[in-house]
Amino acid sequence: MKIYNILLLIFLLVAGFNQLQAQEEEGGWIEESWLGGKKNAENLYEKLAYYDAIPLYEKLLKKQDDNVLMAHLADCYKNTSNYEKAYEWYNKAVQSGNTDPKYTLALAQAAQSLGKLEEASNAYKNYIQTENSELAQNQIDAIKNNNKFYVNKDRYNLTNLDFNTKTYDFSPVYHNDHLIYASSRDQEKAIGREHSWIGTTFFDLYSAKGDSIQFEKNPDVIKKDAETKFHDAVPTFSPDGTVYLTRNNYFDKKKGKDEQGVTDLKIYQATVESTNKWVDEKEFPYNNDNYSVGHPALTPDGQTMYFVSDMPGGHGGADLYVTHKEGSSWSQPKNLDGLNTDGNEMFPYVDEDGNLYFASNGWPGLGGLDIFKVMSGATSNPTNIGAPINSTYDDFGLTFGKNKSYGYFTSNRPEGKGLDDIWSFTDNGINLEGIVVDAKTGEPICNSSVAMLQNSSVVAGSDTKCDGYFTYPVAINRDYCFNASAEGYATNNSVCASTKNVQPGQTVKVRIPLTKKEETGLLVQVVEKGTQKVIENAKVSIKNNCSERTYNGTSNAQGEQCFIVECGCEYLIVAVAEGYKTVDTKTSSLEKCNQIVSCGNPNVTRVVVELEKDSSNIVDANNGVDGGTIELKDIYYDFDKWNIRPESEVQLNKLLGFLKENPSTIVEIGSHTDSRASYEYNIALSQKRAQSVVNWLISKGIPASRLKAKGYGETQPRNNCTDGVPCSEYEHQRNRRTEFRVIGGSYDIKSLERFDMQIDPCRDCPF
């Protein structure tokens, strides 16, 4: 069930409860008219007696449709864990029309929990048409990229613990060889204490001695100063022997209510006299009768507390707050704005390394509540820990055992024994946590990209937020290296890490410094190969691998052209001169990053490009054919596409003219791909590219018998961008090409590389 609703969002209304029970026992509902029955059902609904309201709504809707009653019945089923029925009635309510938009959102959430992803996405989109919702957009994105939540599905082993019951067992914390958790297992106290919302007893705290998955099957109830008819749950322990827990507003045998008469939640502290006995209870200083404060979680040193509240000024639902110990009291709580959404964030927990875990239905997830992680020191960019710990149902209340190789969490997934169960997990993997920082200042870098490589192959990639943090799951006994980049910085591919001698569940930390790019001079001189004679009026073009920026110029009387370029980038330099073969070369200005120089400085980076005389009978493509060779430039393709780009038609028209003037010539259309797919896939893709050119020429009147389409896939790269080698988008684009070759006839085609082609990047690739 959505237990967070019980514990935080909607609170117990105990006043009048016994009276409502008595009315139902007298069978008063049966004799009411339809309108009277509606009034009584709505009265129960308003008093949060969902369990009691369900049969009344069902009876009313058998007699007459009512979209409001349909929506309220769906709410009742949702809040009592019957998701199939909740989905059924939300769907009926929305389909009937004229319902509050919030029920479209509820329909989307119910469909997502049941794995009806396409339907959920459509419902979220419909909701966004009426409401500007970050939550809905996050879930649309999550559904679109649903597979990413399953990348660690084989990392954890899950076990349903033996002491779970058919009711509610949830929110564990491991303390002094005991698992402390909340449960409604005590059916002996059901008389006079059954909760009209969920139809079970109220929650008490229990203690089960054991470790890992072996626990005593009959846990002990924890005795406290206040033995109440209210919920106790979610404890956290301080090193000084203090425990903080969540309870309804009840202290010193007095029940507190807000202005609407609702008994909200508060945090109470007590002294741990023994594992099963807590005494000297006191209120947390920031409790308030008019809103809820609950779900406390202490850092291991007991000096910082995270908690949850719906106090005014938050983001919409339940928000996370933080407060720090100041002597014997606590600092003014601060809203964790970077983690809170217009959904609900709750059930925080802090591990021994200071990493914060919490549950949310606002961040992108699988459905319901998912568990998220924020690395120590970060206040934004939470990471969904994924399946199998997270599911399409509610998953929350994570805690670790004696070490981080195993732990526990709560879920209401259907495979369990009861409504909420405690599950253990064993972590068979290792976490790798990193940060990208400015090499000079040490400050995190916004929006950096990090690719993780194993044996030169990219195995993971992500973009960081402004905290610079990234995290990847990694395997035991492996070596990993990283390729990190950010706008305005030089790429760093020199940082590596190893998981050798690291135990499962442990964390490997990585720090990647990036050096900020500066401007520097790059002097290119063009000379004749062999004689070293300077070449004047050569066309010089350079393009960097950082921003894909192109610089163009013409060599002077000394054969030189100087450019002011970004420091820290690799440059492809192309020189073209009449009567010479075109040459390209590479250089890097990385070594000049710490010594910025201009073109006039004698220490300027200097590159000499040697051009070889071209003695072949070449005719410029603009002048047609003279019985020797026609020169054509290659044509290029968008990533994973084979359509003819508009920029290619100039060269294809030249080829078309050549073929018409030389009717005996047969031409091979040879097409290629970059390396970013399997060998087989790229062969097929390149064949489609070649065939698209053939089809274009056939449509212009060239017989198919004079054309041969040949796909070479990734087998003939123009550069070193082979499998697993990180390359710029410009370098990958160079390989996505078609070349032309005469295979029959007395004339020839010289197929030349083009260096000013349009660049189509792969936006989802990690490199």
Minimum-distance pair of heavy atoms, taken over all atoms of Ile476 and Thr499: C-OG1, 3.5 Å
Donor on one side chain, acceptor on other, Tyr580 and Glu528, under 3.5 Å: yes
Heavy-atom side-chain contact between Tyr124 and Ser133 under 4.5 Å: no
Separation between CZ of Arg737 and OG of Ser648, rounded to the nearest 0.5 Å: 14.0 Å
Distance-minimising heavy-atom pair for Pro513 and Asn492: O-ND2, 2.7 Å
Atom of Val374, atom of Thr379 and distance for their closest heavy-atom approach: CG1-N, 4.4 Å
Short side-chain to backbone donor-acceptor contact, Gln687 and Gly711, under 3.5 Å: yes
Over 12 foreign heavy atoms within 6.0 Å of CG, Asn720: yes
Least distance between heavy atoms, Gln506 atom then Ile430 atom: O-CG2, 3.3 Å
Sequence-distant partners of Glu668, salt bridge (charged side-chain N to carboxylate O under 4.0 Å, His left out), two or more places apart: Arg741
Any donor-acceptor N or O pair under 3.5 Å, side chains Thr383, Tyr469: no
Residue Gln532 excluded, over 12 heavy atoms near CD under 6.0 Å: yes
Evaluation steps, salt bridge (charged side-chain N to carboxylate O under 4.0 Å, His left out), between Arg676 and Glu729: CA-CA 11 Å; Arg676 293 183 289 190; Glu729 291 297 338; 3.1 Å; yes
Side chain proximity check, Leu697 to Ile669, heavy atoms < 4.5 angstrom: yes
Chi angles and distances behind the side chain to side chain donor-acceptor pair (under 3.5 Å) call for Asn643, Ser692: CA-CA 7 Å; Asn643 57 288; Ser692 70; over 6 Å; no
Side-chain touch Met757/Arg736, heavy atoms, less than 4.5 angstrom: no
Stepwise salt bridge (charged side-chain N to carboxylate O under 4.0 Å, His left out) check, Lys500 with Asp479: CA-CA 8 Å; Lys500 294 175 180 176; Asp479 294 318; 3.3 Å; yes
Under 3.5 Å side-chain donor-acceptor pair for Ser448 and Thr464: yes
Pair Asp141, Gln137: side-chain N/O donor-acceptor within cut-off below 3.5 Å: yes
4.5 Å side-chain heavy-atom contact, Leu366 and Asn146: yes
Atom pair OG1 (Thr441) and NZ (Lys516), whose distance is rounded to the nearest 0.5 Å: 7.0 Å
Shortest non-hydrogen contact between Asn138 and Gly362, atoms and distance: ND2-O, 2.9 Å
Donor + acceptor pair across side chains of Asp438, Tyr489 (<3.5 Å): yes
Flag side-chain contact, heavy atom, 4.5 Å: Leu652 against Lys700: no
Value rounded to 0.5 Å, distance of CZ in Phe658 from CD in Glu631: 13.0 Å
Distance-only donor-acceptor check, side chains Tyr730 and Asn719, under 3.5 Å: no
Side chain to side chain contact (heavy atoms under 4.5 Å, CB included) partners for Ala497, two or more places apart: Leu432, Phe482, Val508, Val510
Qualifying salt bridge (Lys or Arg N to Asp or Glu O under 4.0 Å) pairs, either residue in residues 373-384, two or more places apart: Lys373-Glu433
CH2 on Trp642 to OG on Ser686, rounded to 0.5 Å: 12.0 Å
Side chain to side chain contact (heavy atoms under 4.5 Å, CB included) partners for Asn381, two or more places apart: Lys465, Asp467
Thr554 versus Asn537, side-chain donor and acceptor atoms under 3.5 Å: no
Set of side chain to side chain contact (heavy atoms under 4.5 Å, CB included) partners for Asn493, sequence neighbours left out: Asn483
Gln691 versus Asn695, side-chain donor and acceptor atoms under 3.5 Å: yes
Contact check, side chains of Arg718 and Glu739, non-hydrogen atoms, under 4.5 Å: yes
Non-hydrogen side-chain atoms of Tyr472 and Tyr480 separated by less than 4.5 Å: no
Parallel, tilted or perpendicular: ring planes of Trp363 versus Phe372, cut at 30 and 60 degrees: tilted
Which atom of Thr673 lies closest to which atom of Arg689, heavy atoms considered: CA-NH1, 3.5 Å
Leu336 CG to Ser380 OG distance, which is reported to the nearest 0.5 Å: 10.5 Å
Residue Lys509 excluded, over 12 heavy atoms near NZ under 6.0 Å: yes
Ring-face cation contact, Tyr712 with Lys710, 6.0 Å cut, 45° max: yes
Set of side chain to side chain contact (heavy atoms under 4.5 Å, CB included) partners for Ala704, sequence neighbours left out: Ile698
Side chain to side chain donor-acceptor pair (under 3.5 Å) evaluation trace for Ser671 with Thr738: CA-CA 4 Å; Ser671 297; Thr738 286; 2.5 Å; yes
Donor-acceptor side-chain pairing of Asn682 and Glu714 below 3.5 angstrom: yes
Cationic N near anionic O, under 4.0 Å, Glu647 to Lys633: no
Heavy-atom check, side chain of Trp696 versus side chain of Leu707, under 4.5 Å: no
